[in-house]
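Right, one structure below, let's go through it.
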Amino acid sequence: MRNTKSKTSLAVVAAVAAGSLALAACSAGSGGTSGGNGGPGSGGTGDAGDGALSIGLVAEPANLDFTKTDGAAIPQVLLYNVYQGLVQLDQNGDIKPGLATKWTVSDDRKTYTFDLASDAKFTNGAPFTADDAKFSIDRVKSAWTVSLKSAMNVVASTTVVSPTQLKVVLSKPSNDWLYRMTTRVGAMFSRTGVDDLAAKPVGTGPYSVGTWTRGDSIQLVRNDAYWGTKPAYKTVTFKYFKDPTALNNALLTGTINVIGTVQTPESLGQFENNDKYQVIEGTTNGEVVLSFNNGSGPMKNEKMRQAVRYAIDHKALVDTCWAGRGTLIGSMSVPTDPWYEDLTGLYPYDVAKAKALLQESGEAGQTLRLRIPTLPYAVACGTVVKSQLEQAGFKVALDQLEFPAAWLTTVFKNADYDMSIVAHVEPRDMGAVFGDPTYYTRYTNPEFSALLAKADSGTEQEQVTDMKAAAKLLSETAAADWLFVLPNIIVADKGVTGLPKNAISESFDVTGLSGS
């Protein structure tokens, strides 16, 4: 057996599990960094005070049940704050203890034995035990309806060894499984607290959901019965703004204390030149993807997809629509991934080549339906994409769909589109977005699927090699176009401490924040 007390020695991740998407969310880590889980060994904030914090965001959840509702807005608020997992990510992307104090992995890499915290409780008063852990893992297969549930397909059995020990057996070795347990899929639920997850989440975390004013805000209230170190703020309110200018003004007028995700990078000067505020800039998992419908319509034609890619001037695009703040990538992998490789050179900006391929495709007379969500980055970049494509001879109809409801129904669920723009913010989600032929991208490639499978079951080095090959194949076949990676830009009152530089997980983890 290999002991993996605070960091697994296994390779963490080949993105084979399916995922969802939405607006980029800021997150924080655990362990000795900001945003810890508040449990033993975490970066807690010491004695709790009675303060209040307000954070401004733009994408409000449709409901609070991420077991049945796609989108990143729900775990952004609830994961690590209200719900905890057996394990979670720290700011460096390493796997750290959560409700599991330690774990071991068998030599054949198929059996995981977790030792659990003995004093954790749910906010409904029920103790957290191995029975709840088994219930939560098994429930992903039986009750979850979102595509993310496939992360648990590799689980063959779960066994309660004792109230504080759980054994999980996989059907095959998987580099990806333990990493997925740090996401919403690994959230632990109370056996008596799942009756109304859409409105009344019940978790073991340092916060519970207080007041939800739909269309305005969600308030988290400190759980004073929390089993670990209590967070500094008594209440944390996530306030939602559809207008980026209103979001900025809310900070300038003291309505909020933090802009969680800056939506107008060109406006940062008013904060950078003001001693009252701090500006934090790092990176995220948020690939802003120009999605193609690979399953039907004109974008099913590979030459058409290639033509679009050659027609996009990515540097000019990011300079225009996101003030030059973003990283160009060329495929579905970001610089914080172990297998990242800059593939922007595969499709350099070449209008002449784009025009030639457009004619060769036989689709030149088709009007491409660019259907984008009403999110600031998508709206800003959508007009640039349309303009650049039209300069190369394409016909483009731009259609803005209300987010989340209309976009999720029309594009994500029904695949009624030719192209779209959305930030896929789930960590290491190459396989999630392109490995499932029924996903909205409708991409089907047996060679790509085989590379993902090899990466998941191979050695650490094989994983990196195979994932690099998968990313390159994805780019070569023009499964999509990758516009840029969203930066993590946070603006906050000077006194707020513990804010993360990078958005590594799905969570905006507020448990390690405090104020001076």
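The shown structure was predicted, so the numbers you read here are calculated from the model rather than taken from an experiment.
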Legend entry - Which residues share a side-chain contact (heavy atoms from CB on, under 4.5 Å) with Gln391, sequence neighbours left out: Ser387

Legend entry - Non-neighbouring partners of Ser361 that pass side-chain contact (heavy atoms from CB on, under 4.5 Å), sequence neighbours left out: Asn301, Lys303, Met304, Leu358, Glu363

Inset, instruction - Return each pair, listed once, that meets salt bridge (Lys or Arg N to Asp or Glu O under 4.0 Å) where at least one residue sits in residues 331-352; pairs must be two or more places apart or across chains. - result: Asp337-Arg428

Legend entry - Set of residues satisfying side-chain contact (heavy atoms from CB on, under 4.5 Å) with respect to Ala415, sequence neighbours excluded: Asn293, Tyr417, Arg442

Inset, instruction - For Tyr349, check ring pair (Phe, Tyr, Trp, His ring centres under 6.0 Å) against everything at least two apart and list the hits. - result: none

Legend entry - Check: Phe66 ring centroid to Tyr83 ring centroid under 6.0 Å: yes

Inset, instruction - Show your working on side-chain hydrogen bond (donor to acceptor under 3.5 Å, both in side chains) between Thr438 and Asp436 and close with a plain yes or no. - result: CA-CA 5 Å; Thr438 67; Asp436 179 359; 2.7 Å; yes

Legend entry - Residues that Phe238 engages under ring pair (Phe, Tyr, Trp, His ring centres under 6.0 Å), provided they are two or more places apart: none

Inset, instruction - Using the test ring pair (Phe, Tyr, Trp, His ring centres under 6.0 Å), find all partners of Phe241 that sit at least two apart in sequence or belong to another chain. - result: none

Inset, instruction - Count the heavy atoms of every other residue, nucleotide or ligand shown that sit under 6.0 Å from NZ of Lys68, and state whether that count exceeds 12. - result: yes

Inset, instruction - Using the salt bridge (Lys or Arg N to Asp or Glu O under 4.0 Å) rule, collect all pairs that involve residues 56-66, keeping only residues at least two apart or in two chains. - result: none

Legend entry - Non-hydrogen side-chain atoms of Asp481 and Tyr347 separated by less than 4.5 Å: no

Inset, instruction - Check the angle between the aromatic planes of Phe114 and Tyr112 and answer parallel, tilted or perpendicular using the 30° and 60° thresholds. - result: parallel

Legend entry - Value rounded to 0.5 Å, distance of OH in Tyr80 from OG1 in Thr511: 10.0 Å

Legend entry - disulfide bond (SG atoms under 2.5 Å apart) contacts in which one or both residues fall within residues 353-408, not counting sequence neighbours: Cys321-Cys381

Inset, instruction - Mind checking side-chain contact (heavy atoms from CB on, under 4.5 Å) for Ala356 and listing every partner two or more places apart, or none if nothing turns up? - result: Glu360

Inset, instruction - Can you tell me which residue pairs pass the disulfide bond (SG atoms under 2.5 Å apart) test with a partner in residues 424-483, sequence neighbours excluded? - result: none

Legend entry - ring pair (Phe, Tyr, Trp, His ring centres under 6.0 Å) against Tyr240, all qualifying residues, sequence neighbours excluded: none

